[in-house]
Every structure is written in structure tokens, then in C-alpha cells.
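Notes follow the structure.
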Amino acid sequence: MYCIDFNNIKKYFGNNVALNDLTININCGESISLIGPNGAGKSTTIKILAGLLEPDSGDVLISGYKPNTEEAKKIIGYLPEDASPYLTLSVRENLEYLGALRGIDDLNYKTDFFLDFLKLREYERNKVSSLSRGNRQKLSLALAIMHEPKVLLLDEPLNYLDIPSQEDVIKYFKKMNSTFLVSTHIMSIAERFTDNVIIINKGQKIWEGEIKQLKNRGEEENASMEAVISEIMGGL
Amino acid sequence: MNIKLLKFVLKTRVTSGYMILIFIFYFLQIVYAVMAYFVGRTVKSEFLLAASLIAFVSFMEISLAGFNYKKSDFDFLFMIPLNKNDLAKSFFITSILISSLFNFFISYILLFTEHGYFAFLGLIDIFAILVINISLSTILRKYPLRTRLFVIIPLIIWYVIPGIINFPFSPVSAFTGHIYYGTFISLILSFLLVLYVYNKSGNLPSTYYKFMTRRSSQIKENVSFSGMSTTKAILSFNLKMLGGVSIMRMGSTTKVYAPRFKVTYTLILSMGLAVAYTVLFFYLPKSMYFIVEIYYLLYAVIIYPFTKGYSASSTERLWLSIMAMPSYKYFRLNAIGKSLSTGIFLVPLIIGNLILFVIIGNILFIKMFAITMAFGMLFTIIGYYIGGFYNTRQITDLGELSGYARHSLGNVITVVILFPLILIAILSVFLNLVLYIGIIALLIFSFSLILSKKINKKMQDRMIKRDFV
Ligand SMILES: Nc1ncnc2c1ncn2[C@@H]1O[C@H](COP(=O)(O)OP(=O)(O)OP(=O)(O)O)[C@@H](O)[C@H]1O
Ligand SMILES: [Mg+2]
């Protein structure tokens, strides 16, 4: 069984097709980067997997559950693009509130852990509305993963983060032993996250494989990895 | 005057549907004036109502209407080397057009002008008062709220005075029997203010920007949710932080200003209100009872509770809440929590009505008691769901607005739904049958909102469709 099972999905917005027969299958414990140009359908894919959007046709299962079910919600960790926590609450309150909504057991421990781990301790009592973008993103990350989800759906997770935080976060993710689908359009981020990559454009898969292959191809052609990807994308 | 720029500013703030609506409302106002020409007459006992209605609408206009900036204005529009005066004028005219919707709601006072043909002069007065308000709003917007109140409150008192005593020297006097004085004052004042705005307002956007980016930081008292069950956490989110449930919006600009009040503050406020309300009736002639009660009903029992529910969706975070539990459960608990917090606010007023009934012995107060009890909390629930379905604003980030957040017909749907609800509440003061049926109908309506999984799921889908995250 796949942990992320996304089969022949079509999604229209009005007459525009956002996803055109896209299939993504990820084994449990595996991670894949989803790469594509702006408007390729990355965020749409992730929203469908999170159960927020319904596809027009095709099947989606998360560890065998339909995305919009309670069982699926328990195992999904979803981080949207430009996520924003509750602005009226402080950093600590956000963590505690969401912990309570999710029924997390060792909430005090978890809250303190994330405050220290993401260096948010000094902003503990700050309202989210007064945080910097980067700190808000850190808090959002913590909120997305604090229930230790088995399947992570992350839309541009490292946006706004400084380099040491990026390293810390990636290290933490790798330790989690979960299934990851990470959307990004920055190749170096994909490379640090995962070994495998799916490239989509205009809602269709145009390439799937190991990042290593892309690198090798780049060396053969004496071009950068980005140039190779551009070439692949241009192929559609 | 740069017409192209004006068109751009207007288009980025209102949809064409809304513009059409504005013109329909202007037209309706003229219809109103024609009606007033035939049936209008001076009714002294309505002067206070007329004056306070204008004062209330003016208060809204001055405090909010001049704030029609968007984040994209600061990011792009103001970066373009445009003539500053042209910019200021475009924003000013746009504000006037947007706010002229209010005029329709006060045009019923046209019925109280002395002679039929004054009704048409009254139209000019209403427009002139709007212009005064928007000009002041434009001039004042660079100041923080407290400073603005120093100007706004005396002005509002000036507007109300003609309703209380025979006073010809106020713009509102036109509607309290002094049509020439009133018209003269409002025309002169609006002319002077527009002149000022046109000549001096060039730098306003940049001064305002400084005000917009000021940030609040630490909270005074941390609310702990640790160790709470889901239900308890949602309830205490709504009950411990009263008034702070929504982020403050100014016109169509959002300042992520996230005020939070402890429950005790609002309770103190409502106690003060209840005392004033109760004491007032001991001095009020019996003929004035209904007028005061209708105001009380409108603001304390309908608008405040409704808005509290309605604005909740602006601060909602679906990616957190809906991902943590089924939407019906979350929305339901939230609606109940908000409605309970309305209940707390209403307790002093409920007691006030009871005391009035016991001492004065008028059956009216027992009715108000019942209406407050029954309608207040239900209006919050209904507001919550209508907000989920129709409120287009989600404030997601510093000064950020959802792409849909323009004045549009969608916002108007809310008013269309609210209107029969207000009608039921007001009629129930006069007609017992409406009271009984109204209570039952609103109970059924709000409970079906809370209980129906389907409606809750629909609301979730509607919010996602509008790009709520
Ligand atoms: N709510 C919506 N309504 C209409 N069209 C939409 C909506 N959401 C997405 N689309 C369209 O679907 C397509 C895919 O968008 P999506 O957000 O998934 O792209 P993306 O790959 O995440 O792009 P980016 O890198 O810019 O984030 C785009 O053409 C977009 O315009
Ligand atoms: Mg995206």
C-alpha cells in the first residue's frame, strides 16, 4: 500500500485545467519533492491530498483513507503556502491551542520543545501579528508537525527561513521517519530534502526519478542542474 | 484631476456590481424624496431619532470610510511617481462613492422635513453631511484612534444636539425644523473641508503608512490551553478573550491589529451600558420608550451579536482547525462558544430589563427581557454561519487581504439576509405573535445551522473556494 496514493487526478478551475491526469504514488517512509514552475499545480496537488479540495476525477488515498476523513486528518501534517497561524494568539497560545484541538498528550513538553528547537522562546508571549515573516513560518512549521504526522504535505516549507533554521528543520524532518511530499521550485532545497523528484508542468507529470540522474545529466551536458530542469520543462 | 487614476483606484476597491448598487441606491433616494414630498411632515417626536441616526452613521463614516487603502497600494501604487494630489483626490472620491451607500439608510429622515419640497433640499443635506464626514475621515486618518476620537466625539455631539433641544446651528438642524440654517451650515462646511482635502491631502498616504506599520507585541496575560479537551479549548478560546476574536479592519484596509480583551472588560462595559439603560427609563416619558427600545434592540441584541459571529471568519485558520478535526465539530463548537460569550455580555442587560419590569411594571420590559434572552445569542450563531458563507475577508498576514476583498454584491447578500432577521426582532416588540413565532423560527434556523453536518461541510467548502487557508 502507498502512503500517498494519488491516481489519475483531474482538477478544473472553471475552464482551466489545473491538474490533468496526474498520478503520484509514494511508498510509506519515502519522500519526494514536487517541482514545477509557477502555476504548475503543486499547491493544488497538495490541497487535494490534504482533503481541502476535491478532485473532479481520480482517486486519492492517504494510507488507505480518504483525505477528508478523521483517520486521515490524524496522520496528515499539512503546511500551506504562506501559512498564517492565529494572529490574535501568542506563539505559545497557538501551540497550546492547536495541541488541545488535536488532543496531543504530552503537550507541555512538546510546546517547550518546539519553542526551544525553533528558537522562538523569546517570542513566546508575542502575538503572532507582531512576528517577523520567518518566525511566523517557524511557528507554522511547528503547528503542522507537532502531532507527529505519518504523512507530511509541505508547500514551500523553507520560505523565509534563515540558513541555520533551514538546516535544523531538514535534519528534524529526516529524523521523523514519515512520508514526505515537499513542493518547491528551488532545486537546492529539493536536493537537501529528498532523493527523488517529480517534475510537473501545466498539471501533468513530465519527469520522475532520482535527483542524482538530473545531476549526472547536467555533468554530461556540462550544464547546471537548473538548466537541465529548464530543458525538461521546456519539453512540454 | 486624473480620471484614469480615479478609475483604477475605484476598480481596485469596488466591483461593478457594487457600483450598480450604489447607483440604484442613489435612485431609490430620489424615489424616497418624491414620496416625502407627498407624505412628509414635521414630527417633533422623531427629531431625536433622526439626529441620532445621522450621528451614528456619521460616526461609522468618520471612523472607517477614509481607510480605503490596500497593501498593494503601498507596495506598488504609491511607488509609482504619480502626482500626490491626484492620488489623494482619487482616494477621496472613491471613499465618497463607496460610503454613499450609507445615505440610503438615513434617507428616511427626509420624511420629517417641514414642507414637501424641502425633501429635495434634504437630499443635498444628506450628501453634504456625507462629504463632511469623509473629508474629516480623510484628514484624520493619519492620527491614532485616540486622537481621532477627540475630534469625532464633539462632532457627533454637535450632530445630536438639534435632536434634543431647539438648536439651529448644526448640519443636522435641517432635519429638526431649521432647513435653511442646516443646509447653509452643511454646505459651507463641506465646501471648506473639500477645499482643504483637495489642497492639503497630498502627503496623507505616506503619513498614514507610518501609522499602519506600527506594531503591537507582547500579550499581557497568557491564556493556557494546556491539558484541555478539544471542546474546552474552543470554548475558552471564545470565552476568555472577548472582543478579540476579530482582527481590526479599517475600511478595506487591514491593519493587523489584533486587540484582545479579557472577558471582564466587556462585562464591565455591558454593566455600564445596562446601568445607563435602566436608569434612563426612570426619567424617560412613556412616549419615548419604544424609540429607545428599538435602538437598544438594534445595537445590543442584533448588530453587536451578529457582527461578533460574522467577523469570526476573518481570523479563521482552516489549515489548522479543519485539519485537526471534522469541520462540523469545529464550526459548531465555535458558534456555540461565541454565542455563549454574547450571552455573558447580555446578562447585565437582561437583569436591567427584569429590574425595570419589577419597578415600573410595564409589560414592555418583560418582552425586552425575553427578546434579549432569545435573540441575542441566536444572532451570534446565525452571524457566524453567514460570515462563513459570505464574509469575503480573511486576514492572513500583515496587511494582507484575500483577492476577493472588495466591496461587492456578496457583502450585500449579508444585508439582505440580515434584514428579515432585524424585522422579526423589531416587530416582536410590538406583536406578540411575531415574538413567539420569531423565537421558534430563529431557534430552528440556528440549530439547523449548528447541527447539520451538510451545512457545516458546505461552509468549509465555500471558505476554501474563496481561498481561505
Ligand atoms: N482557487 C482557484 N481558483 C481558480 N484557479 C486556481 C485556484 N487555485 C489555483 N488555480 C489555478 O490552478 C493552477 C495551479 O495553481 P497552483 O497554485 O497549484 O500552482 P503552483 O504550482 O503551486 O504554483 P506556485 O509555484 O506559483 O505556487 C494555476 O493556473 C492557478 O491559476
Ligand atoms: Mg503554490
* To do: State, with a plain yes or no, whether a side-chain heavy atom of B:Thr315 is found less than 4.5 Å away from one of A:Leu87.
  => no
* Report the C-alpha separation of B:Val223 and A:Tyr97 in whole Å, then their side-chain angles, then the decisive distance to 0.1 Å, and conclude whether the side chain to side chain contact (heavy atoms under 4.5 Å, CB included) test is met. => CA-CA 9 Å; B:Val223 173; A:Tyr97 186 52; over 6 Å; no
Portion of [X] that has a non-hydrogen atom of chain B nearer than 4.5 angstrom:
X	answer
A:Glu54	side chain
A:Ile76	side chain
A:Ser140	both
A:Glu70	side chain
A:Ile104	neither
A:Asp105	neither

If I take atom [atom1] from residue [X] and atom [atom2] from residue [Y], how far apart are they, to the nearest 0.5 angstrom?
X	Y	atom1	atom2	answer
B:Leu318	A:Tyr78	CG	OH	9.5 Å
A:Leu53	B:Lys465	CG	NZ	10.5 Å
B:Met323	A:Leu79	CE	CG	11.0 Å
A:Asp82	B:Trp319	CG	CH2	11.0 Å
A:Arg102	B:Ser321	CZ	OG	10.0 Å
B:Lys329	A:Leu101	NZ	CG	9.5 Å

* A:Tyr65 atom OH, over 12 foreign heavy atoms within 6.0 Å ->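 Open.
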* Asked: Crowded around B:Lys458 NZ? As in, over 12 foreign heavy atoms under 6.0 Å?
  ->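 Open.
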Specify the closest pair of heavy atoms between [X] and [Y], including all atoms of both residues, with the distance to one decimal.
X	Y	answer
B:Ile322	A:Lys73	O-NZ, 2.7 Å
B:Glu316	A:Tyr86	OE2-OH, 2.7 Å
A:Ser90	B:Asn222	OG-OD1, 3.3 Å

* Side chain, backbone, both or neither: which part of B:Ile464 has a non-hydrogen atom closer than 4.5 Å to chain A? -> side chain
* Pair B:Arg317-A:Leu143, side chain to side chain contact (heavy atoms under 4.5 Å, CB included): steps then yes or no -> CA-CA 12 Å; B:Arg317 295 292 174 259; A:Leu143 292 170; over 6 Å; no
* Heavy-atom pairs under 4.5 Å with chain A are the metric here; pick the option from B:Ser226, B:Ser224, B:Ala233 that has the most. => B:Ser226
